[in-house]
Amino acid sequence: METGTIVGLVIGIIVVLILVRTVFLGFIVVKEREAVIIERFGSYHDTFMAGVHWKIPYVDRTKPYRYQYFVTKPGTEYTVLEKGTTDRIKVTNEVIDFPSTSVITRDNASVLLDCILSYQITNPKQMIYSCNNLPLLLSKILQAFVRNMAAQLSIDQIIEESATLNAASGLMNEEVSKWGVKILFVKVQKVIAPGLDDVLGKQKDAQLRNAKIVIDARSHKQTAVIESEGQRDSMIRKQEGSTQEQISQARGRATSIINIATAEARSVKEIARALQKEGTNPVRYLLSLKYLDTMRAILNNPNTEVKYLPMETATVQIMKELGLNTFYAPNQNFK
């Protein structure tokens, strides 16, 4: 084989390999929830989303994205450095566990806040051309906002109402929206302070004591209410019983009076019937009985003096007691 033929064959093979490599470099596959920025001659050309795309080799190139930031290693308290370079921009929801941030509270207490941040890149082009090293930038902004908000709260408020610091997500979102980034949430995982365990223990004991006092007070109150209600019901029942007893006694007395009156009426009728048969005036007889009953009642009164007057001189003596002049006629009959 001649030398020229060999050289031509080699050149052909090289050209084929270059063409194959060129075609291979022209195809780019973008996964779901990823974005690739394409530059042509150093200027922005297009944004490739999920799918298969074609770019002109050696003319178009992907925009590299570099990052470097510190994170807390999951399950430990160690801080590690995350860094790298990629041309694939993730547009999914990202969560970063940043190292604990030292803050000073309103009452001058030093506290460490362990925060996590969730964000999403909504505009890859705006993000990659507006900022560099986005995670580090977000960590610095988070520290600034958390320190600013913690300075307005006391240590008790930070411990008991740590959700108040979650409002930093809204403030940060206003700040980073111009970079094509959206802050989803900021959460405080842990509050670390010197002697915090003792403080929380004492606070828990105080809460338990206060709860016991409240429960005891409510128990005493309920007991007093039950006792007072029982006494009230007892008094009502006693009063009702006394009223019923008085009503029964009154009814009994009324019934007795009615019975006595009925019996006397029957007796009067029987006596009147018997006296009429004998020719005696029953009215005078009954009046005599009433007279005797009245005299008996008068005689039984210790403060009453009774003088018996003969019927023959009763009229004269009464007139004398009244101060009238009297005289006696020997032949006068006073019967």
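With rounding to the nearest 0.5 angstrom, the OG1 atom of Thr262 is 11.5 Å from the CD1 atom of Ile257. The CE atom of Met49 sits 9.5 Å away from atom CD1 of Ile89, with the distance rounded to the nearest 0.5 Å. The structure places OG of Ser177 at 8.0 Å from CD of Gln126, a figure rounded to the nearest 0.5 Å. The CZ atom of Phe185 sits 12.0 Å away from the CE atom of Met172 when rounded to the nearest 0.5 Å. A distance of 12.0 Å separates NZ of Lys190 from SG of Cys115, quoted to the nearest 0.5 Å. Annotation: the span from Arg66 atom CZ to Lys83 atom NZ amounts to 12.5 Å, rounded to 0.5 Å.
Of the possible donor and acceptor atoms, none in the side chain of Ser242 sits under 3.5 Å from a partner among the backbone N and O of Lys238. A donor-acceptor pair under 3.5 Å is formed between the side chain of Gln120 and the backbone N or O of Val91. In this structure, the side chain of Thr122 engages the main chain of Gly180 through a donor-acceptor pair within 3.5 Å. Of the possible donor and acceptor atoms, one in the side chain of Asn259 sits under 3.5 Å from a partner among the backbone N and O of Thr255. Not a single donor-acceptor pair under 3.5 Å links the side chain of Asp60 to the backbone N or O of Ile38. Side chain of Ser228 to main chain of Ala224: a donor-acceptor pair is present (N/O by atom type, distance under 3.5 Å, no hydrogens or angles). At distances below 3.5 Å, not a single donor-acceptor pair connects side-chain atoms of Asp114 with backbone N or O atoms of Ser100. In this structure, the side chain of Arg33 does not engage the main chain of Lys90 through any donor-acceptor pair within 3.5 Å. Between the side chain of Ser130 and the backbone N or O of Met127, no donor-acceptor pair lies under 3.5 Å.
Looking at Glu245 and Gln249, their side chains do bring a donor and an acceptor atom within 3.5 Å of each other. Remark: the Thr92 side chain and the Glu94 side chain contain an N/O donor-acceptor pair separated by less than 3.5 Å.
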Stepwise salt bridge (Lys or Arg N to Asp or Glu O under 4.0 Å) check, Arg88 with Glu34: CA-CA 6 Å; Arg88 307 301 172 105; Glu34 289 184 349; 3.8 Å; yes
Candidate pair Ile121 and Leu134, rule side-chain contact (heavy atoms from CB on, under 4.5 Å), full reasoning: CA-CA 10 Å; Ile121 298 175; Leu134 178 64; 4.2 Å; yes
Check against side-chain contact (heavy atoms from CB on, under 4.5 Å), Arg106 and Leu153: CA-CA 5 Å; Arg106 186 179 60 188; Leu153 303 174; 5.8 Å; no
Residues Thr101, Leu112; criterion side-chain contact (heavy atoms from CB on, under 4.5 Å); working and verdict: CA-CA 5 Å; Thr101 302; Leu112 291 177; over 6 Å; no
Candidate pair Met149 and Leu171, rule side-chain contact (heavy atoms from CB on, under 4.5 Å), full reasoning: CA-CA 11 Å; Met149 296 186 65; Leu171 300 175; 4.2 Å; yes
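Leu113 is listed as a side-chain neighbour of Val111, based on a closest heavy-atom distance under 4.5 Å. Side chains of Phe98 and Leu117 form a contact here, defined as non-hydrogen atoms less than 4.5 Å apart. Under the 4.5 Å side-chain criterion, counting only non-hydrogen atoms from C-beta, Val36 is in contact with Ile28. You'll find the side chain of Glu39 stays beyond 4.5 Å of the side chain of His45, heavy atoms only. Residues Val52 and Phe27 have side chains in contact (heavy-atom distance under 4.5 Å, counting atoms from C-beta outward). Annotation: side chain of Val103 is in contact with side chain of Val146 (closest heavy-atom distance under 4.5 Å). Within the 4.5 Å cutoff, the side chain of Tyr44 has heavy atoms near those of the Ile37 side chain.
Criterion: ILVMFWY side-chain heavy atoms under 4.5 Å apart, direct or through other members. Under it, Ile116 and Leu136 are not part of a common hydrophobic cluster. Using a 4.5 Å cut-off between side-chain heavy atoms of Ile, Leu, Val, Met, Phe, Trp and Tyr, with links allowed through other members, Trp54 and Leu19 fall into different hydrophobic clusters.
When the shell of 6.0 Å around OH of Tyr58 is examined, it contains more than 12 heavy atoms from other residues, nucleotides or ligands. Around CZ of Arg147, the count of heavy atoms belonging to other residues, nucleotides or ligands within 6.0 Å exceeds 12.
Across every non-hydrogen atom of Pro64 and Arg61, the tightest pair is CD-NH1, 3.5 Å. In this structure, Val186 and Ile183 approach most closely via the heavy-atom pair CG2-CG2, 4.2 Å. Of all the heavy atoms in Tyr67 and Thr86, the pair that sits closest is CE2-CG2, 4.2 Å.
Checking Ile96, Leu184, Val176 one by one against Tyr119, the side chain to side chain contact (heavy atoms under 4.5 Å, CB included) holds for a single residue, Ile96.
Evaluation of the salt bridge (Lys or Arg N to Asp or Glu O under 4.0 Å) test over residues 212-224, restricted to residues two or more places apart or in two chains, returns Lys212-Asp216.
Classification of the His53-Phe48 ring pair by plane angle, with boundaries at 30° and 60°, yields parallel.
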